[in-house]
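Notes follow the structure.
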Amino acid sequence: MSYKDKGLAVFDLIGRVLLAFIFLFAALGKIEDYEGTRLYMISYGVPGALLPVVIAVELLGSLAIMAGLWTRWAALLLALFSTAAIVIFHQNLATMSNQIITLAEVSFTGGLIILAVNGAGCLSLDALLKRNKA
């Protein structure tokens, strides 16, 4: 890889971190307001017992993407998770704010799909593990 390509690889890292940030903070918010989140899920027909799984997916998935570890799988998992969230929680498009939230979820999903297809780039634990394997 040329020096120029390595310089541009910083943007892969920045993009991964920024994309995963929302899921990290969402997981932390769910931990902070565990009972409120559980009741919110139940109000949409989702069993509250799934909340630990939701938190684990968001927390571990976001950290894996930020580190660039198992990036393709983590991105795919979070894309599927986001798709489920859109279908379950974001069907009310009556207000502009709801529309924006839904479109943001759709955009995150698109970014995650791109990440799942292209991988983390050379500044990642995935790349380091691949180099050490070779």
Side-chain angles (χ1 to χ4, degrees):
M1 177 173 287
S2 73
Y3 176 76
K4 179 181 176 187
D5 292 338
K6 284 185 182 179
L8 293 176
V10 168
F11 293 106
D12 285 332
L13 173 61
I14 293 168
R16 277 197 336 264
V17 169
L18 293 175
L19 181 60
F21 224 51
I22 187 73
F23 296 98
L24 175 63
F25 279 95
L28 296 175
K30 287 174 178 68
I31 292 168
E32 183 178 327
D33 186 18
Y34 191 91
E35 187 60 17
T37 303
R38 189 182 73 77
L39 292 173
Y40 179 77
M41 288 172 60
I42 291 169
S43 76
Y44 278 87
V46 179
L50 290 178
L51 183 52
V53 175
V54 168
I55 291 170
V57 167
E58 287 183 326
L59 185 63
L60 298 175
S62 64
L63 292 173
I65 287 173
M66 287 178 176
L69 180 64
W70 306 310
T71 306
R72 292 175 191 263
W73 289 108
L76 181 61
L77 179 63
L78 283 176
L80 293 171
F81 174 84
S82 290
T83 301
I86 292 164
V87 170
I88 296 168
F89 299 106
H90 300 294
Q91 293 183 11
N92 179 4
L93 302 177
T95 66
M96 181 62 83
S97 61
N98 286 351
Q99 292 171 15
I100 291 169
I101 291 168
T102 301
L103 290 173
E105 284 281 348
V106 170
S107 297
F108 299 146
T109 304
L112 289 164
I113 291 169
I114 291 170
L115 189 58
V117 169
N118 293 312
C122 67
L123 296 179
S124 65
L125 291 177
D126 287 340
L128 181 65
L129 292 171
K130 188 175 180 180
R131 282 191 300 269
N132 288 342
K133 230 181 194 182

Between I31 and L78, is there shared hydrophobic-cluster membership here, with clusters defined by ILVMFWY side-chain heavy atoms closer than 4.5 Å?
yes
Do V17 and F25 belong together in a cluster built from hydrophobic side chains that touch within less than 4.5 Å?
yes
Under 3.5 Å donor-acceptor, R38 side chain and A49 backbone
no
Can you name the closest pair of heavy atoms from A27 and I55 and give their distance?
CB-O, 3.9 Å
Is it true that a side-chain atom of N118 and a backbone atom of I114 form a donor plus acceptor pair closer than 3.5 Å?
yes
Within this structure, what is the OH-NZ distance for the pair Y40 and K30, rounded to the nearest 0.5 Å?
9.0 Å
Test side chain to side chain contact (heavy atoms under 4.5 Å, CB included) on E58 and L24; report intermediate values, then the result.
CA-CA 6 Å; E58 287 183 326; L24 175 63; over 6 Å; no
For the side chain of T109 and the backbone of E105, is there at least one donor-acceptor N/O pair under 3.5 Å apart?
yes
Give, for atom CG of D126 and atom CZ of R131, the distance between the pair rounded to the nearest 0.5 Å.
10.5 Å
Determine whether V54 and M41 make a side-chain contact, defined as any pair of heavy atoms from C-beta on separated by less than 4.5 Å.
yes
Out of curiosity, does F81 fall in the hydrophobic cluster containing V46 (side-chain heavy atoms, cut-off under 4.5 Å, transitive links)?
yes
M66 backbone acceptor or donor facing R16 side chain under 3.5 Å:
yes
Does the side chain of I65 reach to within under 4.5 Å of the side chain of L112, using non-hydrogen atoms?
yes
Heavy atoms from other residues, nucleotides or ligands near CD of E32 exceed 12 (cutoff 6.0 Å):
no
For residues L63 and L28: do they belong to one hydrophobic cluster (side chain heavy atoms under 4.5 Å, members Ile, Leu, Val, Met, Phe, Trp, Tyr)?
yes
Around atom OH of Y34, are there more than 12 heavy atoms from other residues, nucleotides or ligands closer than 6.0 Å?
yes
Closest non-hydrogen atom pair between A64 and A74, with its separation
CB-CB, 3.9 Å
Interatomic spacing from CD in Q99 to OG1 in T95 - rounded to 0.5 Å
7.0 Å
Would you name the heavy atoms of L76 and A116 that are closest together and state the gap between them?
N-CB, 4.0 Å
Rounded to the nearest 0.5 Å, what separates atom CD1 in I42 from atom CG in L51?
9.5 Å
Roughly how far, to the nearest 0.5 Å, is CG of L128 from CG of L69?
10.0 Å
Parallel, tilted or perpendicular: which fits the ring planes of F89 and Y44, with parallel below 30° and perpendicular above 60°?
perpendicular
Quick one: pull up CG in N92 and OG in S97 and give me the separation to the nearest 0.5 Å.
9.0 Å
Ignoring hydrogens, what is the shortest heavy-atom contact between G121 and A127? Give both atom names and the distance.
O-CB, 3.6 Å
Scanning both residues in full, the closest heavy-atom pair of A120 with S124 reads CB-CB, 3.5 Å
Between the main-chain N or O of V87 and the side-chain N or O of Q91, is there a donor-acceptor pair closer than 3.5 Å?
yes
Would a 4.5 Å heavy-atom cut-off, applied to side chains only, mark L125 and W70 as touching?
no
Answer with yes or no whether the hydrophobic clustering places V106 together with I22; edges join I, L, V, M, F, W, Y residues whose side-chain heavy atoms lie under 4.5 Å apart.
no
With the side chain counted from C-beta on, respond yes when D12 and L123 share a heavy-atom pair under 4.5 Å apart, and no when they do not.
no
